[in-house]
Asks: 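Input: one structure, supplied below.
Here the structure is a predicted model, which is why all the values come from computation and not from measurement. By convention in this document, chain letters (A, B, ...) are assigned in the order of the sequence lines, proteins followed by strands, and residues within each chain are numbered from 1.
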Amino acid sequence: MYLILALLGLPLLTGAVFFVFDNLKIKYAFSIIVAAIHLAAACLVFSGSNVPDFEQWLRFDALTKLFLLILSNVYFWVMINSYQYLFFSPVAKPEKSRKIFYNMTNLYLFANTLALISNHLGLYWVALESTTLCVAPLIYYYRDKESLEAMWKYLFLVSVGIAFAFIGILFLTLSMHGTDAFEKGLYFSNLIANSTKFNMIWLKASYIFIFVGLSTKIGIAPMHPGEVDAVSNSPSPIAALISASLGGTALMGVLRMLQITSKTPVYQFSQIMLIVGGMASLIVTVVFMFRLNNYKRMIAYSSVEHLGIVVLGLGIGGIGFIGAMFHLIYNSLTKMALFFMAGNIHRNYKSREIHNVFSLLKDLRWTGILFLLAFLAVVAMPPFGIFFSELMIFQGLLANGQYVLLSAVLFFLLFIFIAMSRNVFKMMYGSTKINEAEINQTNKPFDEKLNITHLSTAVILCVLIAMGLFIPPALYNTVSEIAKSFNF
Amino acid sequence: MSINLFFWGILIQSLCAIIPLIIKNENRYSFLSHFGALLGIVFSLLGTIGNLVFGSSGLIYIGFNPYWNSLNFRFDSLSTFFVLLIQILSIPALLYSFSYQKPYIASGKKVKLYVFSFIMLIVSLQLLTVANNAVLFLVFWELMALLSYLNMVFENEKSEVQKGSFIYFVATHLATFLLYVFFLMLHQITGSWNFSEFHLVFNSTPQYYLLFALGFIGFGIKAGFMPFHFWLPKAHPIAPTYLSAFLSGVIIKLGIYGIFRVFEFLKPTDPILGWIVLAISLISAIFGVWYALAQHDIKTLLAYHSIENIGIIGIGMGIGLIGMAYSNQTIIILGFAGALFHTVNHAIFKSQLFIGSGIIYQNLHTRNIEKMGGIIHYAPWLSVFFLIGSVAISGIPPLNGFISEFIIYNSFFKTAGYFGNYYPIFMLIMTVGLALVGGLAVACFTKVNSIMFLGLPRTELKAFHVSRLEYFSLGILALMCIFIGIFPQPVIAFIIAVLQGMPIVNSFGNDFSVISSAFPAFSPFTMIFLSLILFMTMTFLFKKFLSRKSRIAKPWGCGYQHLNERMQYTASSYADELNLIPSNILMIKKDAVVPEDIFPKAGGHFHSHSHDFAEEVIVRPVYSKIIKSINRIVFLSKNDIRVYIAFILIALVSYLAFAFFWKF
Amino acid sequence: MEKLISVLIYLIFIVSAPLFIGIVNKLKSRLTGRLGPSIFQTYFDLKRLLRKETIYAQSASFVSRIAPVVSFSSILFAGMILPIGFYKPLISFNGDIILFAYLLGLSRFFQILGAMDIGSSFEGMGAAREATFAVFAEPIYFFTLGSLAFIFKFTSMYDIFHSISLNDPSFIIFIIVSAISVFFLMITETSRMPVDDPNTHLELTMIHEVMILDNSGLDLFLYQYSSYLKMLVYATFAADFFNPFNVQNHIIGFLLYIIILLILIGNLVWIETMMGRFRMKNIPRYLLFAASIGILNLLIYTFFNK
Amino acid sequence: MENVLNILFCLSLLYLATTTRVDAYLKVFVLQGILLFFIVIMPLINRPSVFTLILPVTILLVKAIMIPLYIRKKIIIELEVKRNIESNLQQFNFLLLTVFSMIAVFISSNMLAKYTYIDAIPFAAAFSTIIIGLYIIIFRKKLIVHVIGFLVIENGIFLLGISVASEMPFLIELAALLDIFVVVFLMGIAINKISSTFSVDDITALDELKD
C-alpha cells in the first residue's frame, strides 16, 4: 500500500502544496526527495514486490514495470539537473516561470505514473491528457515568441490527437457490444482476455484512431511537428523529460492495443501500421536533418527517428520486438545525456544556431567531449547500447525476410548519420569561415567548471555502456516476460 | 599460460592509455603512456609468440550476453599472423608518435585526447583480430574506426582536416553497415555468432553471391580496393604522420584480414569470384600507381601506393581463390603465401616511407614535393632510409618487395601450368600487368627520391633536425627490409605455418610435402644477393682506391655555368609524359600562364593537379543527387498548425482506406 | 668441370663486351664509306678513362658515387643468368627470368638516381625519358618470354631456351615473332638508332647519353662498360632464341652463337644506317606494337594447338 | 425523439459552415450544449435519480454557460477582436465540402449499421460533427475559431459516447469534461498572450519556428 502512496500520492501532494511556497531552494530539495522515493518505489515494483491493484483500477504487469522504471529514472536525473539549469538559464523575467516549474513537474510525475499503471483505458486517457496540461506551461518557460508558439502548437495538436484517441476508445466499446466483456468495462485485463470475441471492423477502426491519436504525442511522422517544436524550444531538462519519458507513456497505449489485437486476425494489419509509421518517421528525419540549423531541433528530430525505429521494431516482432524494448531504454538515457549537454552549450554560446557554436572541444573542454560521446551514442557507435538494440532490430528484419525494408532502413540511417555528424563536427572544431580571433574576444571566457550536469551525463553514459554489453538478468527476464505476453 | 600473458599486455596498454587523463603535466604523461604502452606491447607480443609456439586454439570466454551468447576470443593461425603484424608495427609507430608530438606539446597543444585514442586504437586492433564472436568483432571494428577518426583530427583547425576526416568516418560507417547485414545473414543461416561455426556449404544457400559481395565490398572499402578507395587519398595526407603510417601499414591490412575471413566462411568454389577479385585488384594496382605518379603531395602519393600494394595483395588472394575453386592445393598455397608475404612487406616499408615523409613535414612544414629538394645534404641518413624504403616498395631485388612479387609471379606460372584452356592468356595478362605496375613504381619512386632528396634545394634549408628516436624507428624498419630481402626463409617458414593452420588451406588435403615443392627455391636468392652486395662494396672500394684524385667542380650542364634550383626537373615535368596516356582517367587539370613576348617578363607559372576518378565521377555525383532529391521533398516543411492538423486528417483517412480495402 | 666451362665462358663474355660495340661501329663506318675506328677503339677509350680524374658536381651527393657501381654490378649479375652460347649459365633456378628483369630494373633505378643527383635539367630530361620508356620495355620482355614460359611450362631461362627445337615448323613462327619484338626491346634498352642515337651530342635528343653527361673518370668508365655489357646481354638474349637443332656439342654451339651474333650486328648496323630517328612522342606507340606481337604467339599456341 | 435532436445537431453544423462572424460561432456552440443536455436527459426521464442527473447538469453548466461566458468575456470583449473570421477558403467551397462529407458519413454509417450493432443517425451525427470541427480548424485563420472548432470536436465525441451508450464509468465522463474545460482555459490564456505579443491574433503570425 505504501508503494502506491510513494508512486502517486507523494507527487500529487507536493505538486499541490508547492502552489503555496515560492522559495526555490526548498522546492528543489523536496522534489529531489520525492523523485528519489519514486525511483526507489519503481525499483521495488520492478524487482517484483506485489502491489494491490485497487480492484482492477491499477495493473502491474511486466510492461508497466519496465516503463515505470524508465519514467522514474528519467525524472530523477532531470530533477537533479533542473536547479542548476533554473539559475543560469537566459530568461528575461525568470521568477514568474520559476515559480510554477516545480509544481508542474511534480504534477507531471503524478499524471505520468497514473497513466502507466492504470488498468482502465479511460483512466489512461484522462491521465495522458493531464500530462499534456502539466507539460504545456513548462514549455512556455522562456516566455518569448518561439516558446509561446511552441506551447500553443503542442497543446493544440496533442489535445486534438488525444481527442481522436478518445474516439478510438469509443470504437473499442462499440466492437465489444453484444459480448459478455461489455459489462465488465474497459479494463485492459478484461480486453486482452477475451479480445477474440470482438467485432473485427470496429477493432481495426479503434486501433487506427488510437494509433494516429497517440502518435501526435509519441512523435511518429506525419504527426510529429507538434512534439518537435515543443522539444526544441523548451528548456533542456524539460526537453529531456518530454522526449525521454512522455514518448514512452504514449507508446504504452499503442502497446496495449497491440496486445489486445495480438490474438485476433487484425494483428497483421496492426503490425503493418507500425512498420509504416516507423518508416515514415525515418524518411521525415532524413528530409529535415539536412535542412536544419538548430542543434536542439536536430536532437528533437533524432528522437523522432529513434522512436520511429522503436515502432518499426515493435511492428516486426520476435527479436525485433525485444530490440525495440531495449532501444526504448537506451534512447531515453541517450536523449537525457544529449539534452543536458545541449543545455550547457546553449547557456555558454547563448544561441541555438549551429553556425554560432564553434571550437567546442577547445573552449568547453568537458561539455565538448561529453556532447561528442552522447552524439556517438545516439548515432549507434558500439560501446553504447543503441548499437546493440539496432542490431537486434536489423536481425528481426532479416528473420522476417524483409531485405528491401532492411536496406531502406540502413540507407536512411546512413544519411541521418552523415547529416548529424556534419553538424556536430562543425560545432566541435574551430570554424574556419569566420576569423576566430575577433570572435573569441566577444564571448570569452566560458566558465567551464565541472558542474553537476557533467557528472550526471558521465554517469548516464557509463550506465549506457554497461547495459549495452552486459544486460542485467532482471532486465532480461522482464523483457522476455513482455515478449511472452505479446506471444513472441 | 601464454594467452593470459597476451591479455596482461592488453591490460597494461589500456592502463597506459588512461594515464594522460590522470596526469596533468604534458611531457610526463606523454612519456609515461608511450613507453608504458610499449611495455604492454612487448608483453602481448610474447604472449602471441608463446601461444603460436605452444599452439592453443581453444576459445577464451570473457562474458555471456543473453542475445549474442558467448563473447569469446580465439587464436587461430590467421589471427595470430595479423596480431603479430600489428604488434611488431606498433613499436616503431609508438616511438615515432612520441617524438612527433614533442614539438606540439612544446607549442602548448593539448594532446591528451590523441595519446589516449592512439594507444586505445592499438589495443582495439589487437582485440579485433582475435575476436571470435561476430558482434564483438563489429564492436571493435567500429571502435577502430572511431578511435582512428579521433586521432585524425589532430590539427582540426584546418578545414581540409575536417573534410578529410569526415569523409573517412562516413566511409568506414558505410562499410560497417554492409558488415552488419553480412554477419546478420551469416547468423541467420548458421544460427550461431562464432566465426568458428560460420562455415557454409556453397550451393546450400541461395544468397551465396550476395553474401560474398557484401563481405568483399564491406572489407574492400576498408582495404582500399579501387572503386571504393575514395576516402584513402583524402584521409592520409591530413592525418598526423604517425597515424597515417599506422593507418596504411596496419589498419588497411585489417580489410585484408576480413576478406580472408570471408573466404574462410564462404569457401568459394566458383572461379568467377576469383576472377572478379583478380580484375578489381589488377585495376587497383595499375591505377593506384598511375595516380601516385600524378600526385605532388607526398602523403597522397604514398596513400595511392598503399592502394597499389593492396591491389598486389588482392592479386595473390584472387589466385588463391581460383585455387580453392579447383581445390588445387599448390595454387592456394602460392596465392595466399604471396598475399600474406606482401602484407608483411608492405606494412614494413610503407610505415618507413610515411615516417620519413613525416620527419620532412615536421622540418619543412609542407607536403608538396615540388617545394623540397637537396635534403640529402642536410640529412644523409634520412635519405638512405627513405631510399631503402622506396627500393623495397618498387620490388627491386636485394630487398623484401621483390620476394613477395616473385612468389606471386610464380603463382601465375603455376596456375597457367595446371589449368589448360584460357588460363595461360589471362595469366599472361596478369604477369604483364604486374610488370607494368613494377615499372611504374620504379618511375614513381625515382621521381619522389630525386625531386625530394637530390639536386639543389628548392626552398632554402637551414637545419634539418631528426631526433635519435626517429632514426632508431627508421633503422629498425630498414633493417627488417634488408633482412627479409636477403634471408626470406624464416618468414616463409612462418607463413607456411600460418597457412597450415588455415581451414581454407588444410581442408584440401594436408600432406604438406606438396607445399615445400610448390614453393620456388629461395636458397639461391640469399647466395645471389649476398654476392651482389659483396661485389658492389668491392668495386666501390676499388674505385675509391684507384681514383687517386677526384675534384669537386660546377656541374657540366653543357657549358652553362649558372645552374640554379629553378632550372631543375620538377615532379610534374618528370611524370608528364607518363601521365598523358591515361590522362582522362587521371583527370589531370593543367593551368599554365605562358608569357608570349620574345623577352618574357616574370609571371608565367604552371600548375597541374589530378583529381580522383572514383570520387569525381562516382561518389560526388551520387551523393549530390541523393541530397538534391531529399531536399526536393519540400511540402513537409510548412510550419503552420493548420497543415499539421490536415496531416492528421489525411493520415487517418488513408489508414482507414488502407485498412478496409486491403484483403486480409 | 661443367661449372668451370660456364665460368670461363662468362669471363670471355665480359671481356668481349666492348669488342661487340667496336665491330658495330667499324661496320657502320664501313657502310657509310668511312674507314672508321679500329674494332679495339672501345678498349682504348676505357683505358683512357681509367687514367682520367673523376670530377663530381657540387650538388652531387653520395648517390652519384654509388650509382655507377650498383648499375654496373647488377648488369654483370644479370649476365650470369643468360645461357651464353647455349651453355648452362652460372645462375639458373626456377623463376630466374623474373630476377633477370628486376636486376635490369635495379640498374635502371640507380642510373636514373645518379642522373637526377646533379640537378641539371639535361640529366633530368634524360632520366624522365628513360623512366617512361622503361615502363613500356618491361611488358615487351614479359610478353615474349612469358608466353614462351607458359607454352613450355618452364620458368628458368636455360630450360626455356633449350626446349625451343627449331625442327618443328610451328616453333619457327614463334621464334620469328618473338625475335622481332626482342630486337625492338634491345634497341630501346641499349638506346640504338631508331629510338635514340648513341653518338649524337645534341642534348635535347639524347636519352641514354645525357644521363651520364656529368660523369667523368672512373664513373664514366663504369657507365660505359655497363652500357657495353648491356648491349651484349641483350644481344645474347636475342641470339638465344635461335637455338638451332638443339645441338649438343658445346664447341659447335659456341661457334653457332658467334655466327648468330654477327648476323645480329649486321642487322643492327643495317637499320642504323638506313633509318632515321622516331619522333620522341610516338616511341611509346612503337613499344606497344612490339609488345602486342609478343602476345600473338601465345594466342597462336593456345588456339591452334588445342 | 433522439433522432430529431441529432438532426438538429447536424443543422447547427451546417449553420456553422455558413456564418462568417465569430459570435455567431459562439451562439451555435451554446445551442449544441443545450441539445447535448436534452439528448443526455431523454433516456433518464423515466428513472429520475439525483445521481444520474449530475452528468447532464454538469454538461449544461460547462458547455452552455461557463465556456461561452469565459470566451465572450475574456476574448471577444477584452481584445475587441474584429468581427468576421478570415478564412483561406471561400465560404461557398467550404459549404460544399461540409455537405459532401456529411453525405459520405451518413452513407457509410448506414452501411456499418447493417453489420454491427449501432443505430445509424446518432453515430452519423456525431461523426460528422467531428469532421466539421476539423474542417473549421483547418480552414479558418482566427485562433478563437480554432478553439471553438476544438470544442465542436469535443461535442461530437461526447455525442458519439452517448450514441454508443457505452458503460463508461461516471467518474471517467466527469474527468473528461473537466479536462476539456482546463484545456480551453489554458488556450484562453495562450490566446491572450499571443494577441498581446504578436499584436495580431490569427494563425499566420505563428511562423517563428523555422528549421
Side-chain angles (χ1 to χ4, degrees), chain A residues 152-153 156-157 160-161 164 201 204-205 208-209 211-212 215-216 222-223 225-226 229 265 268-269 273 283-284 286-288 290-291 319 322 361 369 376 381-383 387-388 391-392 394-395 398-399 406-407 410 413-415 417-418 421-422 425-426 428-430 432 436 469-471 473 476, chain B residues 63-68 71 110 113 135 138-143 145-146 150 153 156-159 161-162 165-166 169-170 173-174 176-178 180-181 183-185 187-188 207 210 623 626-627 630-631 633-634 636-637 639 641 643-645 647-648 650-652 655-656 658-660 662 664:
Chain A
W152 169 258
K153 280 187 178 169
F156 198 82
L157 250 170
V160 165
F164 276 98
I201 295 174
K204 212 185 280 183
I208 292 170
F209 271 85
F211 176 68
V212 167
S215 63
T216 52
M223 285 71 80
D229 288 345
Q268 203 199 356
F269 166 74
M273 277 265 288
I283 295 167
V284 158
V286 171
V287 165
F288 282 96
F290 275 96
R291 256 211 298 279
I319 184 83
I322 297 170
L361 272 179
I369 288 176
L376 293 177
M381 273 292 159
F387 164 77
F388 297 100
L391 209 58
M392 286 191 211
F394 295 154
Q395 194 180 341
L398 257 179
L406 179 61
S407 43
L410 284 178
L413 283 183
L414 182 69
F415 272 88
F417 166 75
I418 292 175
S421 51
R422 204 161 42 144
F425 293 142
K426 222 183 279 178
M428 280 294 149
Y429 308 125
T432 49
E436 226 177 289
L469 266 176
F470 309 106
I471 299 169
Y476 173 67
Chain B
F64 184 85
N65 182 314
Y67 299 105
W68 324 114
L71 309 172
K110 287 206 210 41
L113 178 66
V135 174
L138 280 177
V139 167
F140 285 120
W141 182 267
E142 279 274 350
L143 260 181
L146 173 66
L150 281 179
V153 283
N156 55 34
E157 309 80 32
K158 304 195 186 81
S159 77
V161 171
Q162 291 171 10
S165 45
F166 176 64
F169 202 36
V170 169
H173 210 73
L174 175 68
T176 327
F177 273 2
L178 292 174
Y180 281 169
V181 183
F183 282 120
L184 285 175
M185 275 168 112
H187 168 70
Q188 196 183 1
Q207 326 95 323
L210 177 64
Y623 180 74
I626 291 172
I627 301 296
I630 284 176
N631 291 342
I633 309 174
V634 175
L636 277 169
S637 73
N639 50 23
I641 194 153
V643 171
Y644 298 158
I645 304 281
F647 278 157
I648 295 183
I650 295 162
L652 211 57
Y655 278 147
L656 281 169
F658 167 66
F660 290 106
W662 183 267
F664 59 80

Asks: Which atoms form the tightest heavy-atom contact between P382(A) and L143(B), and what is the distance?
Replies: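 Result for this residue pair: CG-N, 4.2 Å.
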Asks: Go through the atoms of F164(A) and report whether side chain, backbone, both or neither lie under 4.5 Å from a heavy atom of chain B.
Replies: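 For F164(A), side-chain heavy atoms alone lie under 4.5 Å from chain B.
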Asks: After noting the C-alpha distance and the side-chain angles of Y644(B) and D229(A), does the key distance pass the side chain to side chain contact (heavy atoms under 4.5 Å, CB included) rule?
Replies: CA-CA 12 Å; Y644(B) 298 158; D229(A) 288 345; 3.6 Å; yes
Asks: Which one, W141(B), Y623(B), F140(B), F183(B), leads in non-hydrogen pairs under 4.5 Å with chain A?
Replies: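 Option with the greatest count: Y623(B).
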Asks: Taking all non-hydrogen atoms of both residues into account, name the closest pair between Q162(B) and Y429(A) and its distance.
Replies: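 Closest approach of Q162(B) to Y429(A): NE2-CB, 3.2 Å.
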Asks: May I ask you to check whether F269(A) and Y655(B) place their ring centers less than 6.0 Å from one another?
Replies: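 No.
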Asks: Output the option from L652(B), I648(B), V170(B), L146(B) having the highest count of non-hydrogen pairs under 4.5 Å with chain A.
Replies: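 Ranked by contacts with chain A, first place is L652(B).
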Asks: Relative to chain A, which segment of I627(B) carries a heavy atom at a distance below 4.5 Å: side chain, backbone, both, or neither?
Replies: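 Answer is side chain: those atoms of I627(B) sit under 4.5 Å from chain A.
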Asks: Check each atom of I650(B) against the heavy atoms of chain A and say whether the ones under 4.5 Å are side chain, backbone, both or neither.
Replies: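 For I650(B), no heavy atom lies under 4.5 Å from chain A.
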Asks: Using the test side-chain hydrogen bond (donor to acceptor under 3.5 Å, both in side chains), find all partners of H187(B) that sit at least two apart in sequence or belong to another chain.
Replies: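 Q395(A).
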Asks: Using 0.5 Å steps for rounding, measure from the CG atom of L184(B) to the CD1 atom of I319(A).
Replies: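 Rounded to the nearest 0.5 Å, the CG-CD1 separation comes out at 10.0 Å.
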Asks: Sort L410(A) into side chain, backbone, both or neither according to what part of it lies under 4.5 angstrom from a heavy atom of chain B.
Replies: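 Both backbone and side chain.
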Asks: Mind checking whether H173(B) and F417(A) have parallel, tilted or perpendicular rings, split at 30° and 60°?
Replies: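 The rings of H173(B) and F417(A) lie parallel, inter-plane angle below 30°.
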Asks: Can you say whether V181(B) sits under 4.5 Å from chain A via the side chain, the backbone, both, or neither, judging by heavy atoms?
Replies: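 Both parts, backbone and side chain.
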Asks: What part of L376(A) gets closer than 4.5 Å to chain B, counting heavy atoms only: side chain, backbone, both or neither?
Replies: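 Only the side chain of L376(A) comes within 4.5 Å of chain B.
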Asks: If I take atom CE from residue M381(A) and atom CZ from residue F169(B), how far apart are they, to the nearest 0.5 angstrom?
Replies: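 The CZ atom of F169(B) is 3.5 Å from CE of M381(A), to the nearest 0.5 Å.
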Asks: Under 4.5 Å heavy-atom distance to chain B, tell me which part of I322(A) shows up: side chain, backbone, both or neither.
Replies: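 Answer is side chain: those atoms of I322(A) sit under 4.5 Å from chain B.
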Asks: Would you call the rings of F177(B) and F394(A) parallel, tilted or perpendicular, taking 30° and 60° as the class edges?
Replies: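 Rings of F177(B) and F394(A): perpendicular, over 60°.
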Asks: Considering all heavy atoms of both residues, which atom of F209(A) and which atom of L656(B) are nearest to each other, and what is their separation?
Replies: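 Heavy-atom minimum between the residues: CE1-CD1, 4.1 Å.
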Asks: Hey, could you give me the CD1/CG distance between I369(A) and L150(B), rounded to the nearest 0.5 Å?
Replies: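 Rounded to the nearest 0.5 Å, the CD1-CG separation comes to 9.5 Å.
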Asks: Tell me if a side-chain donor or acceptor on Q188(B) pairs with a main-chain N or O of L398(A) at a distance below 3.5 Å.
Replies: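 Yes; at least one donor-acceptor contact below 3.5 Å.
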